[in-house]
Amino acid sequence: MISLRSVLWLCARYELVLAVRSRWLQMFAVVFAGLALAVASAGYILSGGHGVQDFSRTAVSLVQVVLLLVPLASLVFGGLALTPDRGAAELLYSQPVPRGAILIGRMLGVWLALAAAELIGFGIAGLVVQSQAGLDGLSRYGALVITAVVITGVFLAIAALLASLNPGRRTRVLAAALVVWFVTVVLFDVAVLGIASMLRSGSASRLLISATLINPVDAARTGALLAIEGTAAFGAASLALLRFTGGAAMAAAYVGLSLAAWMVLPLWLAARTLSRADI
Amino acid sequence: MIRYRAFTKAYGGRRAVDGLTLEVPAGSVVALLGPNGSGKTTSIKAAAGLVRPDSGEVVLGAEHLNALDARARRACSFLPQRVSFPETLTGREVVDFYRRIRHVPGDATDRVLKFASLNGAGERAVGTYSGGMVQRLGLAVATLGTTDVLLLDEPTAALDPEGLGAFYRLVDARRQAGGTVFFSSHQLGDIERLADRVAVIVAGRLVAEFTGRQLAARLADRGVMRVRVDAPTAGLLERVRALCPEAAWRGDELIVPGPASMRPGVLDLVREAGGDIRGLTAEEGRLDAFYRELIGAPS
Ligand SMILES: Nc1ncnc2c1ncn2[C@@H]1O[C@H](COP(=O)(O)OP(=O)(O)OP(=O)(O)O)[C@@H](O)[C@H]1O
Ligand SMILES: [Mg+2]
């Protein structure tokens with residue numbers, strides 16, 4: 001019998017090869033590089049200069065774009081990659097290894113591939129920034145890249161869950177992926193703000209802060225801004241957050257816990273669903 | 001062995017398979033025959049652990065494991081009806097992946113690629129394969145291990161004569177090694193050549209079980225003989241109709257439907273009447289008519 005670790009690694013490598021050959025990945029790397037470079041130079045031009053801004057400013061300006069695009073890319077790319085068509089799924093899931101291990105292994109492979117694309121894309125942009133503006137704030141830029149990689153993992157886990165709920169049905173997985181993206185990235189914040197506006201200020205701020213930790217996109221944003229800008233990140237709001245969580249370290253722990261939960265729970269549910277599904 | 005006990009599966013309220021009870025003994029080859037949508041794939045997938053029974057059960061292997069048991073996966077190997085692989089992998093990469101998953105030694109890759117006559121194309125991407133080559137690759141993967149039970153869903157669809165020959169030899173070898181082979185097919189040739197027994201399933205129900213020989217005989221009885229005759233004498237048809245009431249002329253061809261056993265008698269009558277036999281064909285009965293007959297529907 002093959003060990004579980006070997007199954008995970010075997011499936012991860014299989015998926016990594018597929019991802020590298022799919023050309024999507026090269027496209028992602030180019031998009032990330034282009035995006036980072038555009039943001040780096042745009043901010044500077046707006047303030048009347050030319051060239052590019054340094055790592056710190058680039059990182060701050062990139063947070064919103066990354067948290068908009070990376071979840072979308074991960075959901076779509078992951079959803080497609082992790083939903084084999086029927087003839088492939090039947091062969092794959094009739095093998096003498098747990099279906100969940102196959103799914104999680106492949107998800108890890110897609111994660112490795114997307115993380116590589118992000119590292120390469122942001123890395124290329126980083127080289128340009130460094131040559132123009134020096135190394136100042138490199139660690140902040142690094143925090144942004146780490147945020148991108150982590151949020152990729154979260155949304156790939158969700159993509160794996162969607163794939164396990166609709167085995168062999170790519171269109172449905174894709175539709176569900178778009179719904180999840182819209183809800184987490186757009187609707188959630190709007191809804192929370194709407195509800196908060198109807199509450200008294202004490203409960204409203206508690207709701208807003210909890211919401212920041214519950215939604216993975218908001219949690220990642222909180223984590224990234226805390227790492228990049230420190231405790232002054234969002235003025236009065238950050239003070240409230242720190243008071244609520246009991247300090248920066250605790251806030252970081254909550255963020256980490258939320259993101260880890262958003263990765264582990266969907267994967268666990270996906271493995272469970274798949275093991276009971278008709279293929 | 002494989003044993004279905006009252007296996008039932010419905011999709012959206014419609015029963016795809018309804019109370020299937022069937023045994024495939026160890027060391028035997030059993031074919032599953034039936035029209036499109038009759039539940040062959042559903043039944044085979046249940047043995048592969050891919051379909052959960054609504055009721056009843058499927059057990060297989062020397063240890064009689066429930067098909068849903070994880071350990072049963074090690075006892076069987078399944079070829080899906082429309083097998084597919086990622087287009088950017090080469091045939092060899094595909095086989096190697098499944099070989100590792102099944103924990104089979106490294107030399108098996110070359111062996112099965114050779115068996116599937118893919119030794120040349122093994123290094124090419126699957127996306128460049130023809131339909132028959134994909135099917136051969138599927139067979140190569142399904143025969144990687146030396147599992148007790150082989151489940152093959154229409155394994156010969158898309159195979160050319162050479163592929164068929166290789167496949168027949170493989171099944172013979174499995175049978176001799178005491179393995180169990182359960183396959184579905186629409187090809188009478190496969191069934192006559194391979195199957196020890198044939199199970200016929202129509203609309204989700206098992207309607208008959210035959211030995212391969214019995215099936216061939218039953219179908220031959222429903223065949224048609226066509227005899228091209230020059231210079232027939234008047235009154236030949238009347239005499240033939242004494243043997244075969246449905247006999248008829250179509251141009252210079254005498255059409256004689258019915259059991260093979262009466263055909264020599266008909267030919268004797270033609271010769272006695274001074275007819276000159278210029279050509280003769282006989283075809284087996286058509287399966288669709290046979291299915292209708294088995295379920296007692298009017299043809
Ligand atoms: N996943 C599914 N969802 C809904 N209905 C299904 C599903 N799989 C099979 N069916 C239905 O179950 C019935 C039996 O299908 P099955 O694939 O077992 O037939 P089959 O005998 O293999 O046919 P064929 O000769 O065409 O391969 C059909 O009516 C089919 O429409
Ligand atoms: Mg079928």
Side-chain angles (χ1 to χ4, degrees), chain A residues 1-26 80-106 109-110 113 164 167-170 271-279, chain B residues 9-11 16 41-42 44-54 65 67-90 93-94 96-104 125-127 134-135 137-142 144-145 147 149 151 153:
Chain A
M1 251 284 273
I2 176 170
S3 77
L4 215 53
R5 262 217 351 246
S6 317
V7 176
L8 288 176
W9 171 233
L10 197 59
C11 293
R13 220 180 46 184
Y14 175 87
E15 202 54 47
L16 191 60
V17 170
L18 289 180
V20 168
R21 291 184 190 168
S22 79
R23 304 246 173 265
W24 275 88
L25 215 56
Q26 287 98 312
L80 290 177
L82 300 176
T83 313
D85 57 41
R86 199 197 284 186
E90 288 170 346
L91 187 63
L92 209 49
Y93 294 137
S94 64
Q95 299 305 314
V97 293
R99 294 176 189 173
I102 296 180
L103 183 70
I104 293 172
R106 299 182 69 195
V110 182
S164 75
R169 309 172 84 156
R170 288 216 166 124
R272 214 179 92 116
T273 308
L274 197 60
S275 73
R276 297 170 182 194
D278 279 347
I279 304 295
Chain B
K9 179 74 186 179
Y11 289 107
T41 295
T42 306
I44 294 179
K45 278 169 72 173
L50 295 169
V51 163
R52 302 190 147 249
D54 293 337
L65 296 166
L68 295 173
D69 189 323
R71 287 170 301 167
R73 299 283 67 72
R74 259 175 280 160
C76 77
S77 201
F78 167 57
L79 173 69
Q81 179 167 6
R82 271 183 304 168
V83 70
S84 77
F85 304 99
E87 304 217 321
T88 52
L89 293 185
T90 67
E93 286 170 330
V94 165
D96 246 347
F97 171 75
Y98 283 103
R99 177 182 67 71
R100 283 168 207 250
I101 284 249
R102 296 206 77 103
H103 208 55
V104 173
V126 173
V134 172
Q135 184 70 8
L137 183 60
L139 273 168
V141 169
L144 262 170
T147 49
V149 175
L151 302 165
D153 198 358

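As a basis for the values below, the full set of heavy atoms in this structure was taken, side chains included, without hydrogen atoms, waters or symmetry mates. Note on naming: letters A, B, ... go to the chains in the order of the sequence lines (proteins, then strands), and numbering restarts at 1 for each one.
Neither the backbone nor the side chain of A:Ser22 comes within contact range of chain B, judged by heavy atoms closer than 4.5 Å. Proximity to chain B (any heavy atom under 4.5 Å) is restricted, for A:Tyr14, to the side chain, taken from C-beta onward.
Across all their heavy atoms, B:Gly49 and A:Arg99 have their closest contact at O-NH2, 2.8 Å. For the pair B:Pro80 and A:Glu90, the tightest heavy-atom approach, listed with the atom from each and the gap, is CB-OE1, 3.1 Å. Considering every non-hydrogen atom in both B:Tyr98 and A:Leu92, the closest pair reads OH-CD1, 3.3 Å. Contact record, B:Phe85 with A:Leu91: CE2-CD2, 3.4 Å, taken as the closest heavy-atom pair.
Using modelled atom types and a 3.5 Å distance limit, the side chains of B:Arg73 and A:Gln95 yield no donor-acceptor pair.
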Exercise for the section: In sequence, state the C-alpha distance, the side-chain angles, and the governing distance for B:Leu50 and A:Asp278, and then conclude on side chain to side chain contact (heavy atoms under 4.5 Å, CB included). Expected result: CA-CA 6 Å; B:Leu50 295 169; A:Asp278 279 347; over 6 Å; no
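Contacts with chain A were tallied for B:Lys9, B:Arg52, B:Gln81, B:Glu93; B:Arg52 has the most, counting heavy-atom pairs under 4.5 Å. Counting heavy-atom pairs closer than 4.5 Å to chain B, the top-ranked of the candidates A:Asp85, A:Val7, A:Val17, A:Ile102 is A:Asp85. Contacts with chain B were tallied for A:Ala277, A:Ala88, A:Pro84, A:Gly87; A:Gly87 has the most, counting heavy-atom pairs under 4.5 Å.
Contact of the B:Ile101 side chain with the A:Cys11 side chain is registered, since non-hydrogen atoms from C-beta on lie closer than 4.5 Å.
The structure places CD1 of B:Ile44 at 12.5 Å from OG of A:Ser94, a figure rounded to the nearest 0.5 Å.
Atom CZ of A:Arg21 is surrounded by more than 12 heavy atoms from other residues, nucleotides or ligands within 6.0 Å.
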